[in-house]
Protein chains: 2
Amino acid sequence: MAARKQNSTYTRNEAFITECDLTYAVNKIGGRWKILILNKLENEKQRFSDLKKEFPLITERMLTLQLRALEQDGLVKRTVYAEVPPRVEYELTEMGMAFGPIFQQLSEWGGKHRSFTKSVSESV
Amino acid sequence: MAARKQNSTYTRNEAFITECDLTYAVNKIGGRWKILILNKLENEKQRFSDLKKEFPLITERMLTLQLRALEQDGLVKRTVYAEVPPRVEYELTEMGMAFGPIFQQLSEWGGKHRSFTKSVSESV
DNA sequence: TACGGTACTTACAAATTTGTAACTAATGGC
DNA sequence: GCCATTAGTTACAAATTTGTAAGTACCGTA
């Protein structure tokens with residue numbers, strides 16, 4: 001998001017890497033807080049302030065950045081209500097919701113890996 | 001991998017974020033070239049030089065870093081043969097193989113998202 | 001004895017991502 | 001007019017990740 005140097009090896013490599021659908025997909029959810037946000041939105045739509053409360057460690061700046069990126073990529077829909085003070089709601093799009101079952105499996109993998117790692121380190 | 005400042009907000013936030021199994025899992029495959037490597041290893045084990053050939057843009061340094069991280073996390077098994085010149089083979093562990101079906105679905109998501117995005121931009 | 005081939009290391013620089021802190025806009029209610 | 005509230009924005013600094021370039025070790029062969 002934050003203005004890329006179009007001709008760095010870094011950026012060119014990313015372009016190459018995301019030619020693969022798999023890497024492309026993972027890239028879309030690769031921001032630090034994106035998955036937590038998507039995961040939270042899976043249950044129900046949330047206001048900006050709701051998300052802030054849910055993740056006390058995220059700064060407003062980061063929350064905005066991540067939400068904007070998710071919106072840009074069509075994973076999240078942003079609705080602004082013409083009220084004062086402002087009210088803005090975020091909810092998943094269809095593409096965003098499509099991550100549901102995948103997240104479920106990733107979560108299971110994570111749990112398994114965690115307990116596996118723990119049992120290995122204990123047996124030392 | 002590259003020596004973390006234990007008390008930065010950055011690192012503390014990561015610790016917080018990866019308390020969630022889902023984020024934890026995605027973090028394990030989050031390095032730039034990790035997914036491509038895992039994906040390649042899914043078919044069969046590969047030598048260091050095979051991977052280098054497969055991904056011409058990766059540098060030896062990066063390839064080593066990513067493989068070491070994957071090994072550390074128990075997703076990849078490294079076997080060194082006592083030969084000269086050296087021969088080192090990399091293959092998936094069980095935890096590494098467990099990503100198979102997940103990668104399949106992510107890849108499908110990526111393809112869908114790509115064609116969806118294209119059709120939207122065309123209709124403008 | 002110099003050379004080639006494989007699998008690395010190392011010191012350093014560039015690029016990007018994330019965090020900090022302070023500031024903005026709009027308006028209904030006091 | 002002034003304040004509180006929500007949802008931001010902005011300039012800047014810190015941290016981390018990635019890339020560059022050059023060097024290491026091993027030993028069989030020429």
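Worth saying up front: this structure is predicted, and the values here are computed from it rather than measured.
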* Examine dG19(D): is either OP1 or OP2 under 4.0 Å from a nitrogen or oxygen in the side chain of Asn13(A)? Give yes or no. => yes

* Asked: Is there a side-chain polar atom (N or O) of Arg61(A) under 4.0 Å from OP1 or OP2 of dA7(D)?
  -> no

* dT9(C), dG5(C), dT16(D): which one has an atom nearest the side-chain heavy atoms of Thr64(B)? -> dT9(C)

* Taking the six-membered ring of Tyr10(B), is NZ or CZ of Arg32(A) closer than 6.0 Å to its centre and within 45° of its axis? -> yes

* With respect to Trp33(A), which candidate in Leu67(A), Leu57(A), Leu51(A), Leu65(A) satisfies the side chain to side chain contact (heavy atoms under 4.5 Å, CB included) definition? -> Leu57(A)

* Let me know the distance between CZ of Arg4(B) and C1' of dT17(C), rounded to the nearest Å. => 12 Å

* Asked: Minimum heavy-atom separation for Phe116(B) to Met95(A), with atom names?
  -> CD2-CG, 4.3 Å

* Where each residue is assigned the nucleotide of DNA chain C containing its nearest heavy atom, which of Arg12(B) and Lys5(A) is assigned the position nearer the 5′ end? -> Lys5(A)

* Asked: Are Ser49(B) and dG5(C) close enough that a side-chain N or O sits under 4.0 Å from OP1 or OP2?
  -> no

* Within this structure, what is the CD1-to-P distance between Ile58(B) and dG19(D), rounded to whole angstrom? -> 8 Å

* Asked: Would Leu70(A) and Val80(A) show up in the same hydrophobic cluster when neighbours are defined by side-chain heavy atoms closer than 4.5 Å?
  -> yes

* To do: Could you check which of dC27(D), dT9(D), dT16(D) has an atom nearest any side-chain atom of Glu60(A)?
  => dT9(D)

* Asked: Taking only side-chain nitrogens and oxygens of Arg78(B), does any of them come within less than 4.0 Å of OP1 or OP2 of dA7(C)?
  -> no

* Asked: How long is the line joining CG of Leu65(A) and P of dA11(D), in whole Å?
  -> 14 Å

* Think Arg32(A) has a side-chain N or O under 4.0 angstrom from the OP1 or OP2 of dG19(C)? -> yes

* Between Thr9(B) and Tyr10(A), which is nearer to the 5' end of DNA chain D once each is assigned its nearest nucleotide? -> Thr9(B)

* Asked: Of the nucleotides dT20(D), dG8(D), dT16(C), which has the atom closest to the Thr59(B) side chain?
  -> dT20(D)

* Is the backbone N or O of Glu42(A) less than 3.5 Å from a side-chain atom of Glu44(A), with the two atoms forming a donor-acceptor pair by type? -> no

* **Residue whose closest nucleotide on DNA chain C lies nearer the 5' end, Thr11(A) versus Leu57(A)** => Thr11(A)

* Asked: Expressed in angstrom and rounded to an integer, what is the separation of Leu63(A) atom CG from dT10(D) atom C1'?
  -> 17 Å

* Structure fact -> Considering only heavy side-chain atoms of Trp33(A), the closest of dG19(C), dT6(D), dT18(D) is dG19(C)

* Structure fact -> Of the listed dA7(D), dG8(D), dT9(C), the closest approach to the Pro86(A) side chain comes from dA7(D)

* Distance, rounded to the nearest Å, where Arg87(A) contributes CZ and dT27(C) contributes P -> 16 Å

* To do: Compare the minimum distances between each of dA15(D), dG19(D), dA26(C) and the side chain of Ser8(B), then state the nucleotide with the smallest one.
  => dA15(D)

* Structure fact -> Result for 5'-nearest mapping on DNA chain D, choosing between Met62(B) and Pro85(B), is Met62(B)

* For Glu83(A) and dG28(C), give me the distance from atom CD to atom C1', rounded to whole Å. => 12 Å

